[in-house]
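One structure is given here, and the rest of the page talks about it.
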Amino acid sequence: MADNKRYDSQLDGAQFDTLAVRAGHKRSNEHEHGEAMFMTSSYVFGSAQEAAAIFGGDQAGNVYSRYTNPTVRMFEERLAALEGAEQCVATASGMSAIFSTILALLNPGDHILSSQNIFGSTNVMFSKYVSKLGIEVDYVDLKDVDAWQAAIKPNTRMLFLESPSNPLNEVGDIRALARLAKAQNALLVVDNCFCSPALQQPLKLGADIVIHSATKFIDGQGRCLGGAALGRSELMEEVVGVLRSVGPSMSPFNAWVMLKGLETLKIRMKAHSENAMALANWLTEHPNVKSVYYAGLPTHPSHELAKTQQSGFGGVLGFEVEGGREAAWQVMDSTRLVSITANLGDARTTITHPATTTHCRLTEEQRLQAGISDGLIRVACGLEDIEDIQRDLSFGLANL
Ligand SMILES: *Cc1c(COP(=O)(O)O)cnc(C)c1O
């Protein structure tokens, strides 16, 4: 049987759960069962001639970990399999995934059309740094496909959105926006951080590029930063070029952590979603809660659309209390278990006051237009027992 040894899995036709634990795994000659962590900045060559051949591109091989690293490659191949992407490029953070994509694929004079309510740092990146490249950004209402169409300019080369939105759970029609982008010869870029590929696969809905902050649900345990851009190879090779020359590459340690995160992503997203659904129902019944924003609720305006493009509603919800900032802060400060932090996608439940943290850079008018009132609280449900999360929120709510 010596010729018949098989160390690696064959994954033709394998389903999501199988790919999540096995895709991308390349074993070394040590036949390790788990994924190896290649903590090395560079690689040796067998001879000067081999070095020349690999540098010259005549022979495949690793040169330097800013270019390629086997552990990072495993993470890229696994995430690509889960998103249904031809190629994935891992980056040091979600922000560097977005910036590298823009730097790689747009030119001075191009125009980006973005949904209004996006991650705060993305907003700052657009206004302060992307603008320096001579690229203008305009903002439109995520939900309003006609508004997207009306705002398109002859030089619009990218439509950028996050869906569902943070924290109101508004949903953009990815299929319709993909058609718009295609007609305009623009790229549709979806930041899929809130759903992860376990709940939404934008490339299959027609998007050209998916962006991840792997820092959130992909790691899932608040340990390290990472990001990714995914799409067709012809586009991703340009992003690879930026990584090689600009340097926002993912570290092999972080890639190893993220690889492990992908193995449990689907069961975690299911548990996050179940907790959020239960919490949304509980909050809806609570006499001191004014409104609840969770697309899993049939009363949410985006519920039906969400069902056509997501297989779950995710772990993040918003709710509003009467009494503005003071009341919202009281609810937060009365908790004893959940973490007061702006992060999300962690095994630990986090609670945030968007108006004074994640959305504090907006003017009051912009905030109210985006639906971020002073009484709004965001909860990113973790994996604790739901009754403990509810009890923790009940202390402050009872006293309003
Ligand atoms: C956190 C986040 C980012 C940025 O990711 P980092 O890994 O923190 O750089 C981008 N988009 C969304 C939606 C996020 O939540």
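Atom set for the values below is all heavy atoms of this structure, side chains included, hydrogens, waters and symmetry mates excluded. Indexing begins at 1, ligand by ligand and atom by atom, following the structure's order.
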Short N or O separations between ligand 1 and the protein, below 3.5 Å:
residue  : atom   : partner : partner atom : Å
ligand 1 : 5 (O)  : Ser213  : OG           : 2.9
ligand 1 : 7 (O)  : Gly94   : N            : 2.9
ligand 1 : 7 (O)  : Ser213  : OG           : 2.8
ligand 1 : 7 (O)  : Thr215  : OG1          : 2.6
ligand 1 : 9 (O)  : Gly94   : N            : 3.0
ligand 1 : 9 (O)  : Met95   : N            : 2.9
ligand 1 : 11 (N) : Asp191  : OD2          : 2.6
ligand 1 : 15 (O) : Lys216  : NZ           : 2.7

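In summary, the side chains of Gln87 and Ser233 do present a donor paired with an acceptor at a separation below 3.5 Å, with no hydrogens or angles considered. Side chain to side chain, Ser9 and Arg22 meet the donor-acceptor criterion of an N or O pair below 3.5 Å.
In this structure, Lys216 satisfies the cation-pi test against Phe119, with its NZ or CZ atom closer than 6.0 Å to the six-membered ring centre and inside 45 degrees of the ring normal.
The 12-atom threshold is exceeded at CD of Glu384, counting heavy atoms of other residues, nucleotides or ligands nearer than 6.0 Å. Shown here is Gln330, whose CD atom has more than 12 heavy atoms of other residues, nucleotides or ligands within 6.0 Å.
Under the 4.5 Å side-chain heavy-atom criterion for grouping Ile, Leu, Val, Met, Phe, Trp and Tyr, Leu106 is connected to Val89 within one hydrophobic cluster.
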